[in-house]
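The next block holds one structure in the form of structure tokens; read it before the comments.
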Amino acid sequence: ALPRRAAATDNRGMRTLACLLALAALGAAEEWPLPRCDLENTGVTKNRGPEKQPEVLWRKEEKGPIGSGAALAGGKLVYNCGEYSMGCRMQKSGFEVWNKEVKQQVAAWPAVVDGMVYFGGQDTVHYGVNMVNMNEPCSAEAKAAIVAPPAVTGDHYFAGALDGVFYAMSPKDGRVLWQRETGPVRHAAAVSQGRVFVVNESGVLHAFDVKKGGELWKHDAGARPIAAPVAGKGTVLLVLPDRVLEIDARKGEVEKNHDLPGIAGAPALDKTRLYYGTSSGEVAAVDLKTGKELGRVKVAEEAVTTPVALARDVLYGAAQARRFAVAPKTWKVLWTHDGAAAWQPPIVADRMLFVGAGSVFFAFQ
């Protein structure tokens, strides 16, 4: 038998090893921290989703309609779980960690960055909530409803509002670092290479310097956008009805006008390949460099208006009450699943899929 002191030391060593293994496992878990997975709004991730027909791992009935997509970090899911609350559940079990009530309807898709949850709502407040203890060290107020999802870096919390102001705040305490008049904003900003791009509901795309907020340029597309701007390599994409403008990120000049009849929701950008849903229930892809269509396949009778996401060469999305997965290399539909209510935008991680429909949130595997 070990002496008492040696046994204690050995136990401490075992506990340390267990903690290190737990931390390593936590660090290895796949995450989806922002509405389109990254600050560029590409909708492309190295995460893995289910490639075969998924089954329900857990489902939770919430207090009211689930009005947006979810964010995932550190093994915890965060999503709007009713008109007046934001909730947090464990990814694997669905166990409720916390539920935060707010004054009015939560309208914006949340983001989770550095242990903080960021979201806005009809009560005009930009919220920053500690993911562990629900403390609210970061909050700022707009003058009208906030429906645009946030874009959060280590130093900035960006969000537009219906008051026509685009806000850059400190993610630590909500202090407004700078703000600019843009016109009402409904979509998330894209952040890339020291620039932040935001489009107002009339189709005017602004480019600001991230740190100082100086306007670098603006472009008036003359049409209402149907999705957030997407930042590529040296370009930014503006998604409009039936077309996508490819704009030089430094100068604001239109480089290409891609005619994409029927484009119906936020696309996914993988280098020069753009994947998108259509009003006729198809998913399709085009090579932005050559303008050549890469393929398309029918997935539903309804329009694919929710964002599509590309995860390890599998394309995921939803069309009203149908979810689907497509292998874009072969344009084979891997599976479809019909529900009783329209699906919110799905997110994928750890070979699972997380999505709300009506007032029920599901985890599939």
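Nothing fancy with the numbering, it's 1 onward along the sequence.
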Distance, nearest 0.5 Å, that separates [atom1] of [X] from [atom2] of [Y]:
X: His206; Y: Glu215; atom1: NE2; atom2: CD; value: 6.0 Å
X: Glu62; Y: Asn99; atom1: CD; atom2: CG; value: 7.5 Å
X: Lys271; Y: Lys233; atom1: NZ; atom2: NZ; value: 9.5 Å
X: Asn41; Y: Ser192; atom1: CG; atom2: OG; value: 10.5 Å

Which class fits the ring pair Phe354 and Trp58: parallel under 30°, tilted 30 to 60°, perpendicular over 60°?
-> tilted
In terms of ring plane angle, is the pair His337 and Trp343 parallel, tilted or perpendicular, where the classes change at 30° and 60°?
-> tilted
Output yes when a side-chain donor or acceptor of [X] lies under 3.5 Å from a complementary backbone atom of [Y], and no otherwise.
X: Arg48; Y: Arg312; answer: no
X: Glu253; Y: Asp248; answer: no
X: Lys329; Y: Asp313; answer: no
X: Trp109; Y: Ala70; answer: yes
X: Asn80; Y: Met86; answer: no
X: Trp331; Y: Val283; answer: no
X: Ser202; Y: Val204; answer: no

Check the surroundings of atom [atom1] in [X]: do more than 12 heavy atoms from other residues, nucleotides or ligands lie under 6.0 Å from it?
X: Lys92; atom1: NZ; result: no
X: Lys298; atom1: NZ; result: yes
X: Arg59; atom1: CZ; result: no

Hey, are the side chains of Ile347 and Tyr79 touching, using non-hydrogen atoms and a 4.5 Å cut-off?
-> no
List the steps, then state whether salt bridge (Lys or Arg N to Asp or Glu O under 4.0 Å) holds for Glu96 with Lys60.
-> CA-CA 9 Å; Glu96 186 177 81; Lys60 298 295 178 181; over 6 Å; no
Could you state whether Val230 and Ile247 fall into the same hydrophobic cluster, counting links through intermediate Ile, Leu, Val, Met, Phe, Trp or Tyr residues with side-chain heavy atoms under 4.5 angstrom apart?
-> no
Could Arg323 and Phe364 be counted as a cation-pi pair, given that NZ or CZ must be under 6.0 Å from the ring centre and within 45° of the axis?
-> yes
Minimum heavy-atom distance between Thr336 and Gln53, given as atom pair plus value = O-NE2, 3.0 Å
Residues clustering with Met169 (ILVMFWY side chains joined when closer than 4.5 Å, directly or via others) | Leu34, Leu39, Val113, Met116, Tyr118, Val152, Tyr157, Phe158, Val165, Phe166, Tyr167, Val176, Leu177, Trp178, Val185, Val191, Val196, Val198, Phe208, Val210
